[in-house]
Participant: 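Okay, here's the structure, questions in a sec.
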Amino acid sequence: MAGFLDRLLGRETKSAQQAKERLKLVLVHDRTDIAPGVLEVLKDDLIAAISRHIEIDPSAVRIEMTQEGREQRLIADIPLRPVRRRRVT
Amino acid sequence: MTGKVVTVTSGKGGVGKTTATANVGAALAQFGDKVVCIDADIGLRNLDVVLGLENRIVYDLVDVVEGRCRLRQAMIRDKRLPELYLIPAAQTRDKSAVSPSDMVRLCDELRPEFDWIMIDSPAGIERGFRNAIAPADVVLVVTNPEVSAVRDADRIIGLIESEEKGPARLVVNRIKPDMVRRGDMLAVEDVLELLAIELVGMIPDDEMVLTSSNRGTPVALDGKSKAGQAFRNIARRLRGEDVPFLSMDNEGGFLGKLVRRIRAGGD
Ligand SMILES: Nc1ncnc2c1ncn2[C@@H]1O[C@H](COP(=O)(O)OP(=O)(O)OP(=O)(O)O)[C@@H](O)[C@H]1O
Ligand SMILES: [Mg+2]
């Protein structure tokens with residue numbers, strides 16, 4: 001519902017919304033002094049380390065920084081493959 | 001009396017620090033408090049002209065620090081508001097003429113005599129900023145609802161926190177309610193969510209700020225100006241009053257209201 005209304009009201013393309021989204025990313029990197037490219041390298045390392053123990057889908061791995069108040073958090077989301085799929089193949 | 005030191009700073013230049021210092025200072029004095037404003041923007045002094053006191057300067061901050069005059073001699077008294085004083089910046093020197101410990105010493109000397117010591121900080125994160133925040137009890141961070149100003153405010157807030165000066169409180173200046181309504185200017189709520197510090201003022205963009213600075217009379221002394229009212233509200237909040245925030249949308253039709261309702265619910 002909210003999404004529909006957002007689109008109807010043209011909210012997604014509003015420049016203020018873009019400013020906010022861009023600022024979110026910029027501030028996270030400014031505050032942590034972690035360059036955007038570092039996260040990509042970290043992600044590859046993480047995938048390699050986890051893959052030595054568990055079978056995962058590298059393309060589904062997500063790493064991002066989030067803001068809670070003035071605190072930053074690194075979040076890694078690594079979906080695990082269901083057991084069933086491994087048995088079938 | 002133990003005066004509180006309020007430093008007004010920003011990161012990005014031109015966002016309204018001097019305007020805020022002059023107006024919050026004038027409003028506090030109008031409420032009957034004893035106020036001294038210090039221009040810490042050495043080499044680029046402006047607080048004197050915004051307050052309309054430029055013709056009365058004899059000595060300045062650097063003269064005090066270097067012992068060429070007594071503190072009293074550098075304090076210019078505002079004739080309209082007898083409880084408002086200015087210590088002007090030196091115009092022909094640079095920021096290194098004053099050190100953070102000079103500022104601490106100066107403010108310690110002023111504290112017993114004043115309720116409020118307002119310091120107008122220069123833009124940036126260099127020596128002038130460090131001088132201005134060194135004695136601060138409260139730091140007002142001024143920003144505009146704009147990407148670069150918000151980003152720089154965040155840097156400054158980080159520095160204030162790491163120097164353990166604070167609390168840092170936010171002033172969002174030059175808000176254009178029409179643009180916010182159209183979704184073309186960051187709303188105060190957006191800026192607050194990003195910077196995550198306490199809000200102390202939201203000031204509309206107001207032509208009267210310019211006309212009153214042309215005249216050298218702070219807009220806070222003008223009962224008709226919206227920005228003036230917003231500056232007076234900051235002064236009242238500093239004095240500990242619980243003042244509701246002014247609504248930025250004085251008008252706006254049905255659709256405008258609907259959009260705002262949905263926004264408020266959706267975020
Ligand atoms: N709320 C407002 N509405 C309209 N104009 C404003 C408002 N606030 C500030 N201004 C104008 O913006 C300009 C810059 O303001 P000001 O000198 O206070 O900024 P500053 O942060 O002290 O700048 P600097 O970094 O150079 O010291 C001035 O021309 C001032 O009149
Ligand atoms: Mg200034």
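A, B, ... follow the sequence lines: proteins, then strands. Residue 1 opens every chain.
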Participant: Cation-pi between B:Arg236 and B:Phe231: NZ/CZ under 6.0 Å from ring centre and within 45° of the ring axis?
Facilitator: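 No, B:Arg236 and B:Phe231 do not form such a contact.
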
Participant: Regarding B:Arg174 and B:Glu146, does a basic nitrogen lie under 4.0 Å from an acidic carboxylate oxygen?
Facilitator: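 Answer for the salt bridge query: no.
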
Participant: Hey, are A:Arg31 and B:Asp154 close enough for a salt bridge, meaning a charged N less than 4.0 Å from a carboxylate O?
Facilitator: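 Yes, this pair counts.
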
Participant: Any carboxylate oxygen within less than 4.0 angstrom of a Lys/Arg side-chain nitrogen, looking at B:Asp41 and B:Lys95?
Facilitator: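 Between B:Lys95 and B:Asp41 there is a salt bridge, with a charged N closer than 4.0 Å to a carboxylate O.
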
Participant: Within the supplied structure, the quantity of interest is the number of heavy atoms (other residues, nucleotides, ligands) at a distance under 6.0 Å from A:Asp33 CG; does it exceed 12?
Facilitator: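 No - once you tally the heavy atoms of other residues, nucleotides and ligands closer than 6.0 Å, there are 12 at most.
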
Participant: So which of B:Leu194, B:Leu186, B:Leu195 has the largest heavy-atom pair count under 4.5 angstrom toward chain A?
Facilitator: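 Most heavy-atom pairs under 4.5 Å with chain A: B:Leu194.
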
Participant: Can you establish whether the number of heavy atoms outside A:Lys43 located under 6.0 Å from its atom NZ is more than 12?
Facilitator: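 Counting neighbours around NZ of A:Lys43, more than 12 heavy atoms of other residues, nucleotides or ligands fall under 6.0 Å, so yes.
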
Participant: Heavy-atom distance under 4.5 Å to chain A: side chain of B:Ile197, backbone, both or neither?
Facilitator: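 Contact with chain A: side chain only.
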
Participant: Quick check on the structure: residues of residues 63-71 of chain A within a heavy-atom distance below 4.5 Å of chain B, by number.
Facilitator: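 Only A:Gln67, A:Gly69, A:Arg70 of residues 63-71 of chain A have a heavy atom under 4.5 Å from chain B.
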
Participant: Give the table of side-chain donor-acceptor pairs shorter than 3.5 Å for residues 125-141 of chain B, with sequence neighbours excluded, one pair per line with atom names and distance.
Facilitator:
residue  : atom : partner  : partner atom : Å
B:Arg127 : NE   : B:Val98  : O            : 3.1
B:Arg127 : NH2  : B:Val98  : O            : 3.1
B:Arg130 : NH1  : B:Glu163 : OE2          : 2.6
B:Asn131 : ND2  : B:Val98  : O            : 3.1
B:Asp137 : OD2  : B:Val5   : N            : 2.8
B:Asp137 : OD2  : B:Arg111 : NH1          : 2.6

